[in-house]
Amino acid sequence: MRVHVFETSDDLGRAVAARVGDELRRNPSAVLGLATGGTPLATYGELRRMHAAGLIDFSPATTFNLDEFAGIDASHSGSFRRYMDVKLFDSVNLDAHRIHFLNGVADDLDVECERYEKEIEHAGGIDLQMLGIGANGHIGFNEPDETLAARTHRVQLHDQTRRDNAAAFGGDLSRVPTEALSMGMGTILKSRAIVLMAIGARKARCVERAVNGPITTRLPASFLQLHRDVELFLDRGASSLLVRPA
Ligand code: PGA
């Protein structure tokens with residue numbers, strides 16, 4: 001894994017956005033895997049700025065988001081689809097037909113997961129997958145467990161993860177869905193390149209274990225050690241437990 005460390009979250013966001021820009025210059029019709037949460041906010045801010053300045057063209061690109069809550073639709077203010085509309089999609093020239101999302105209110109959620117998996121395959125697979133990491137080492141909604149699902153699947157959310165997401169539901173834990181849909185670890189590991197971002201000392205322990213620890217379903221991010229093209233974009237806090245060469 002290649003590790004890049006930045007002084008501020010804005011610096012980190014600019015670097016990840018530049019990485020996305022490079023990908024789209026090399027391969028304008030790239031398939032991007034996108035993440036939500038607090039960590040990518042600076043990246044999306046920079047991508048909006050780059051697009052407004054004419055520095056990046058999304059028109060031939062395709063996107064797949066990592067995960068979505070079950071039981072709420074795309075227009076719900078807490079949905080990841082709404083987050084993406086506000087933070088990126090409404091401000092850039094992505095073709096709406098090439099934006100892909102899991103539908104958390106599909107009639108049959110298992111069928112929905114299989115549809116998503118097939119759509120990723122049909123698009124030729126993901127070229128560049130952006131990831132955040134949970135303080136418990138989760139990736140997407142792949143929570144630490146005895147086993148991990150390989151393919152896109154339904155997930156029962158851990159209480160900590162629901163608490164971490166409560167702000168988008170007015171701070172009311174009872175309104176946070178208990179279930180979600182998520183790409184599986186196998187789906188994620190099939191991406192050609194992976195960029196994992198982490199900000200803050202709260203993430204330092206799981207980052208250190210993901211990089212140096214054993215590969216274990218108890219820390220889903222540790223599976224990234226199996227991938228040949230993973231870059232970590234960290235701030236000082238998140239990198240603070242990594243021993244780096246002097
Ligand atoms: P965060 O979430 O970016 O809001 O810290 C990351 C995650 O839980 O995957």
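The chain is numbered in sequence order, starting from 1. Both ligands and their constituent atoms are indexed starting at 1 by order of listing. Since the model is a prediction, treat every value here as computed from it, not as a measurement.
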Residues Lys118, Glu121; criterion salt bridge (charged side-chain N to carboxylate O under 4.0 Å, His left out); working and verdict: CA-CA 5 Å; Lys118 291 218 173 76; Glu121 278 165 35; over 6 Å; no
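Counting non-hydrogen atoms of neighbouring residues, nucleotides and ligands closer than 6.0 angstrom, the CZ atom of Arg205 reaches no more than 12 such neighbours. Environment of CZ in Arg2: crowded, with over 12 heavy atoms of neighbouring residues, nucleotides or ligands closer than 6.0 Å. Within 6.0 Å of CG on Asp172 lie more than 12 heavy atoms contributed by other residues, nucleotides or ligands. The number of heavy atoms from other shown groups lying within 6.0 Å of CZ (Arg162) is above 12.
For ligand 1, the 4.0 Å heavy-atom shell contains residues Gly37, Gly38, Thr39, Gly132, Ile133, Gly134, His138, Lys203.
For Ile56 against His51, the heavy-atom pair with the smallest separation is O-CD2, 3.2 Å.
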